[in-house]
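A short write-up of the structure that comes next.
Throughout, residue positions are numbered sequentially from 1 according to the sequence presented. Counting starts at 1 for both ligands and their atoms, in listed order.
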Amino acid sequence: MMGDAINIMDIDTVGLDLRDPSVVIIDQTKLPGEIVLKKLRSPQEVWEAIRRLEVRGAPAIGVSAAMGLYVIASDLAGQYEADEEGFFAEVKKQSDYLNSSRPTAVNLSWALHRMEEKLLSMAGKSRKEQVEALCTEALEIRDEDIRVCRQIGENGLKLIKDGAGILTHCNAGKLAAVRYGTATAPIYLAKEKGWNLRVYCDETRPLLQGARLTSFELFSSGIDTTLLCDNMSASLMKEGAVDAVFVGCDRVAANGDAANKIGTSVVATVAARYGVPVYIAAPTSTIDMATPTGDDIIIEQRDGSEVTDMWYEKPMAPAGIKVYNPAFDVTDHELIAGIVTEFGVARAPYDESLKEIFEKKKEITGRLS
Ligand code: MRU
């Protein structure tokens, strides 16, 4: 456990300890009360940390899984010194296992797929070289996340002005990535420029990512932060306090429909009523061109006790009540003013503009996904 003097902004959300191969995460279930760093070594520990939301947010899940797969592979390598086929099969099995921890955020399968491809490209090399290559790839996925989030910040900053009021839902902040976050990146960059933004954080029922995480990290950074319950955003927008909504996402479909934390589509619907633009901050690792529309996105369903019992001393609903608890909803592309990526802002029609974003990505990085 770390002392109170530590600022959450000074620690990466996910890191790798190379001396004692392990993934080091900030345990987000303990925030904002305590800043606790947790080490993950076994496949089960990585899986559980993602499933229990100790590490959460699409980019952070991807980085943790990639680092986790490296740690698992380094542990397995000794047993498979003379058996490359067995080693590759076991790493693939563990990758599939990690991928089963949460279904909606595409960054998870994206990062694991990159790790698998890297290993395949090292066929014929020694186990040591293969494990080193996995380590380098995991660190590159982390470094890329930092660069990409900063670039999303630069692109998002062009959409707002000094003094603006921004509403956000859930946590697409540094705690959902490695640094900067996605939806919060323009806010942190505005702060660096000396701008004064007013940021409104929806508390985000039932798991309170907005209250526990977003308001905590923004407030810790000295940003003008106001917390509100999810059912208060309409009156805030009606008062004219909100100039733009910035949210993150877990998967963007090829037509621009975007899955994000449950309640995002409510915010977007209300924003349309009051003429407030809704921007989805999305690294290209979150855009899934193989998923045609939002209807094709698998939505994680979570335990009803998160609604009835969590955070309360006693259950706040009758025992045995049926509970509807999807973790995400899909915001229709018609409600989205722009999808802010590291390669620019995609605008409607998204089936064309998202393709252009990937063409630009290929031109600049040589990568297709
Ligand atoms: O269930 P969570 O906390 O992992 O949900 C996170 C979100 O919905 C975020 O907005 C999304 O992953 C984007 S993070 C940059």
Carboxylate-amine/guanidinium contact [X] [Y], below 4.0 Å:
X      : Y      : value
Lys125 : Glu132 : no
Glu300 : Arg51  : yes
Arg147 : Glu140 : yes
Lys39  : Asp20  : yes

Within a reach of under 6.0 Å around CD1 of Ile298, are more than 12 heavy atoms found that belong to other residues, nucleotides or ligands? no

So, using salt bridge (Lys or Arg N to Asp or Glu O under 4.0 Å) as the criterion, who are the partners of Asp96 when residues are at least two apart?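 Checked Asp96 against salt bridge (Lys or Arg N to Asp or Glu O under 4.0 Å); matches are Lys92.
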
Between the protein and ligand 1, which nitrogen or oxygen pairs come in under 3.5 Å, and how far apart is each?
| unit_1 | atom_1 | unit_2 | atom_2 | d |
| --- | --- | --- | --- | --- |
| ligand 1 | 1 (O) | Arg102 | NH1 | 3.4 |
| ligand 1 | 1 (O) | Arg102 | NH2 | 2.8 |
| ligand 1 | 1 (O) | Lys261 | NZ | 2.8 |
| ligand 1 | 3 (O) | Arg56 | NE | 2.8 |
| ligand 1 | 3 (O) | Arg56 | NH2 | 3.1 |
| ligand 1 | 3 (O) | Gln209 | NE2 | 2.9 |
| ligand 1 | 4 (O) | Gly57 | N | 3.0 |
| ligand 1 | 4 (O) | Arg102 | NH1 | 2.7 |
| ligand 1 | 8 (O) | Asp250 | OD1 | 3.0 |
| ligand 1 | 8 (O) | Asn260 | OD1 | 3.0 |
| ligand 1 | 8 (O) | Lys261 | N | 3.2 |
| ligand 1 | 10 (O) | Asn260 | OD1 | 2.6 |
| ligand 1 | 12 (O) | Ala58 | N | 2.9 |
| ligand 1 | 12 (O) | Asp250 | OD1 | 3.1 |
| ligand 1 | 12 (O) | Asp250 | OD2 | 3.1 |

